[in-house]
Amino acid sequence: HHAHRAMAEFTGLDVGTFRPKVDALSELRLLKQSLDFRNRELQDSRKRLRHTQGRLSQACEDFKAERAGLQAELRALGESGKQLGDSLAAQK
């Protein structure tokens, strides 16, 4: 015990100052683990958002292409088709 006390005095650490430091380090480790977990969750959320955004963008492109095709078909029907096509164009 005497050697332990001598070593603690030499290093400037005693049980009273060492224990709070150990507790603080332990708390910091837990906080880091929590932040790492949160970071992984955020990365997963970003990945899902990008995937959803890509699907929505593709759906919009498909809809525009379908609508453009419908307008072309209506114009091909003649005057009455042209009127329907103009009506569709005005709805954009």
Side-chain angles (χ1 to χ4, degrees):
H1 186 68
H2 180 69
H4 186 283
R5 175 178 278 157
M7 181 61 130
E9 287 173 7
F10 177 76
T11 60
L13 295 174
D14 60 31
V15 175
T17 60
F18 188 69
R19 188 79 209 144
K21 291 177 183 178
V22 168
D23 292 343
L25 283 173
S26 180
E27 187 174 338
L28 285 173
R29 280 189 195 102
L30 286 173
L31 288 171
K32 184 181 180 323
Q33 287 174 348
S34 177
L35 287 172
D36 289 346
F37 178 75
R38 215 35 208 124
N39 189 36
R40 282 191 303 274
E41 282 184 332
L42 287 171
Q43 296 297 333
D44 290 344
S45 293
R46 281 192 194 117
K47 190 185 297 183
R48 285 193 306 275
L49 282 170
R50 279 193 299 271
H51 178 71
T52 300
Q53 192 173 27
R55 286 184 12 226
L56 287 171
S57 179
Q58 185 59 52
C60 286
E61 291 301 315
D62 292 348
F63 177 76
K64 285 195 293 189
E66 185 178 321
R67 188 175 181 99
L70 181 59
Q71 285 178 320
E73 286 180 37
L74 287 173
R75 278 196 285 283
L77 290 176
E79 185 56 35
S80 62
K82 182 184 179 313
Q83 290 171 357
L84 286 170
D86 291 344
S87 174
L88 276 175
Q91 293 175 23
K92 280 186 181 178

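Here the structure is a predicted model, which is why all the values come from computation and not from measurement. Nothing fancy with the numbering, it's 1 onward along the sequence.
Partner His51 forms a side chain to side chain contact (heavy atoms under 4.5 Å, CB included) with one of Lys47, Arg55, Arg48 and no other, that one being Arg55.
The distance from atom CZ of Arg38 to atom CG of Leu31, rounded to the nearest 0.5 Å, is 14.0 Å. Taking CG from Asn39 and CG from Asp44, the interatomic distance works out to 9.5 Å, rounded to the nearest 0.5 Å. Atom CZ of Arg67 sits about 12.5 Å away from atom SG of Cys60, to the nearest 0.5 Å.
Salt bridge status for Arg40 with Asp36: absent, with no side-chain N to carboxylate O gap under 4.0 Å.
With hydrogens and angles disregarded, a donor-acceptor distance shorter than 3.5 Å links the side chain of Ser45 to the backbone of Glu41.
Side-chain contact between Gln53 and Leu56 is absent, with no heavy-atom pair separated by less than 4.5 Å. Using a 4.5 Å cut-off on side-chain heavy atoms (C-beta onward), Asp62 and Gln58 make contact.
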Problem set entry | Derivation and outcome, side-chain contact (heavy atoms from CB on, under 4.5 Å), residues Phe63 and Glu66 | CA-CA 5 Å; Phe63 177 76; Glu66 185 178 321; 5.5 Å; no
Problem set entry | Verdict with reasoning, Arg29 to Leu25, per side-chain contact (heavy atoms from CB on, under 4.5 Å) | CA-CA 6 Å; Arg29 280 189 195 102; Leu25 283 173; 4.2 Å; yes
